[in-house]
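In this text, all values refer to a predicted model and were calculated from it rather than measured experimentally.
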Amino acid sequence: MTLLAIPGLAVWDGIVDLFNTVMTPLYWAVSALLVGWHWLLSQVLDPNSGWAWALSIVGLTITIRTILIPLFVRQIRSSRNMQLLQPKMKELQKKYGHDREKLGQEMMKLYKETGTNPFSSCLPLLLQSPIFLALFRVLDYAAKGQWHSEIMKPYVNSLQHAKIFGAEISQTFLKASGSGSGNVKVVAIVLIILMTATMFTTQLQLMRKNMPKEALEGQAAQMQKIMLYVFPIFFLIGGFNFPIGVLIYWFISNLWTMGQQFYVIRRNPAPGTPAYDAMQARKREANLRHGRPADENVPGTAGAATETAVSDRRPAQRQQPKRQSRSDRKSGPAASNGQTSAPVDETPVQDDVPAKQDAPKQTQAPAAKKQPAGKKGSGAKRQPAAKSAAQKKAAQKRSGGSR
């Protein structure tokens, strides 16, 4: 009767129950990480102090962001591909601009062929959203003296009254109450400003330093503008309803993203961007300081191209001789009068020259037939003929001397 009387309420209750069922593993995971860091920090800090719990939230943030590093690498690669695809995307827009359906199909085909996901830049943020909700609910329940998992039950009272700068980390700007409500609002406003500023600066750094001009036009530019303005405004407005602990989480997470992105932009910028030009200028200055040519080993310059060409020519010197065809092997030795067998024994071959002139044609014919094969045995078989000619000469001398 109750379900029939208030069907809307029953459906809502079912949605809430389903949401809690799905989020329960995350409640346990977030609670376990929070308690683990709190136990570690309690070895040097007061377990009930606000700084022990605040630094535990920092440790939770670092753990989550470390796990998400592979997604960040994927985000960087996809962002690079999007920048390199801008000329092709412009060609597609010129070709299929009148047919939006065909244009969309060709765009998706291009993304699939190059392995590019235009929404990958949002992946780290989207995957952090469930963790953010889980931490929000854990702190919100702690402010009420409640808990989602048995792991948090012994620590709820300590977390509920933990303070930093006189503000309880489980309180929000809009729901601040008690004697420390003023401190809660001041700390919340400072953290909201820091959270929004770091998010905006991170995206602005990407657009100004590591994106070519082509990437700042078209669909990719619209996505970047959403990341630059919409998300900071969303968190600026929503931050007034976030607990202090959640604001700490997002501020540290944005700092992590900004530092990670700064490292990537400085060390491995995309070609054709201001960051790439700055990297080339730094390498030129380093070369000049060490007394080397300015463009030596500088990517995208003549010095780098020359070095590549030299390295490409080196393997050609070590290549083996090409194999000769059967016809070449037959014709080559015949034209050279048996020069292929020269390495056998030079002395007998020299003695063999006059012998070949006096020898009958029948003796030369088998030798000519055997030589094209280029075998070592052919040279060895000519040696007995050379010896017999020498013996004939010696015999003639002996016979002449005896006379």
Side-chain angles (χ1 to χ4, degrees), residues 22 64-133 199-200 202-235 253-254 256-258 260-280 299-301 304-305 308 312:
V22 173
I64 298 300
R65 291 312 305 267
T66 303
I67 295 173
L68 294 179
I69 284 178
L71 285 177
F72 177 80
V73 174
R74 184 177 177 183
Q75 174 191 1
I76 293 297
R77 289 177 180 174
S78 182
S79 178
R80 281 278 177 85
N81 291 339
M82 287 292 294
Q83 295 172 17
L84 297 176
L85 288 178
Q86 292 305 311
K88 294 183 179 180
M89 292 174 67
K90 284 187 176 182
E91 292 178 3
L92 291 176
Q93 290 172 357
K94 292 179 180 179
K95 187 176 181 180
Y96 302 104
H98 60 282
D99 189 353
R100 299 189 65 84
E101 182 178 357
K102 182 66 175 178
L103 177 62
Q105 293 176 357
E106 292 296 325
M107 287 281 196
M108 294 305 297
K109 183 179 179 181
L110 182 62
Y111 292 149
K112 186 176 181 180
E113 290 175 353
T114 56
T116 304
N117 183 2
F119 301 102
S120 63
S121 59
C122 304
L123 278 178
L125 182 63
L126 293 176
L127 290 178
Q128 283 188 88
S129 298
I131 301 168
F132 154 74
L133 290 174
M199 182 176 291
F200 182 82
T202 299
Q203 190 60 27
L204 188 64
Q205 173 183 245
L206 177 64
M207 293 181 66
R208 286 188 174 180
K209 293 184 177 181
N210 203 39
M211 295 189 74
K213 295 181 179 179
E214 295 81 5
L216 300 177
E217 301 175 359
Q219 184 180 0
Q222 295 177 0
M223 182 66 66
Q224 296 299 329
K225 288 180 180 179
I226 290 174
M227 295 284 291
L228 180 61
Y229 296 108
V230 175
F231 284 146
I233 293 174
F234 169 77
F235 281 95
S253 180
N254 291 342
W256 177 286
T257 303
M258 188 166 60
Q260 200 173 40
Q261 188 170 270
F262 177 81
Y263 177 83
V264 171
I265 290 175
R266 183 176 176 84
R267 292 298 185 91
N268 193 20
T273 61
Y276 191 82
D277 297 338
M279 182 191 69
Q280 289 180 324
T301 60
T308 305
D312 291 341

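Sorted by first then second residue, the salt bridge (Lys or Arg N to Asp or Glu O under 4.0 Å) pairs that include residues 91-101, not counting sequence neighbours, number zero.
The side-chain contact (heavy atoms from CB on, under 4.5 Å) test applied to Phe234 returns no partner, not counting sequence neighbours. The side-chain contact (heavy atoms from CB on, under 4.5 Å) search around Ile67 returns Thr63, not counting sequence neighbours. Qualifying side-chain contact (heavy atoms from CB on, under 4.5 Å) partners for Ile233, counting only residues two or more places apart in sequence or in other chains: Ile237. With sequence neighbours left out, the side-chain contact (heavy atoms from CB on, under 4.5 Å) criterion links Ile64 to Leu33, Leu60, Leu68, Ile131, Tyr249. Partners of Thr257 according to the side chain to side chain donor-acceptor pair (under 3.5 Å) rule, which considers only residues two or more places apart in sequence or in another chain, are Arg65. Residues forming a side chain to side chain donor-acceptor pair (under 3.5 Å) with Lys88 (at least two apart in sequence, or on another chain): none. Scanning for side chain to side chain donor-acceptor pair (under 3.5 Å) contacts around Gln261 gives an empty result, with sequence neighbours left out. The ring-ring contact (aromatic ring centres under 6.0 Å, His included) test applied to Tyr276 returns no partner, not counting sequence neighbours.
When every heavy atom of Pro232 is checked against every heavy atom of Met199, the shortest pair comes out as N-SD, 3.8 Å.
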Under 3.5 Å, sequence neighbours excluded: what are the donor-acceptor pairs made by side chains of residues 102-109?
unit_1 : atom_1 : unit_2 : atom_2 : d
Lys102 : NZ     : Glu106 : OE2    : 3.4

- Take Phe231 and Phe200 through the test side chain to side chain contact (heavy atoms under 4.5 Å, CB included) and record every step on the way to the result. CA-CA 8 Å; Phe231 284 146; Phe200 182 82; over 6 Å; no

- Item | side chain to side chain contact (heavy atoms under 4.5 Å, CB included) evaluation trace for Trp256 with Thr202 | CA-CA 10 Å; Trp256 177 286; Thr202 299; over 6 Å; no

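Remark: Phe132 CZ is packed, more than 12 non-hydrogen atoms of other residues, nucleotides or ligands lying under 6.0 Å away.
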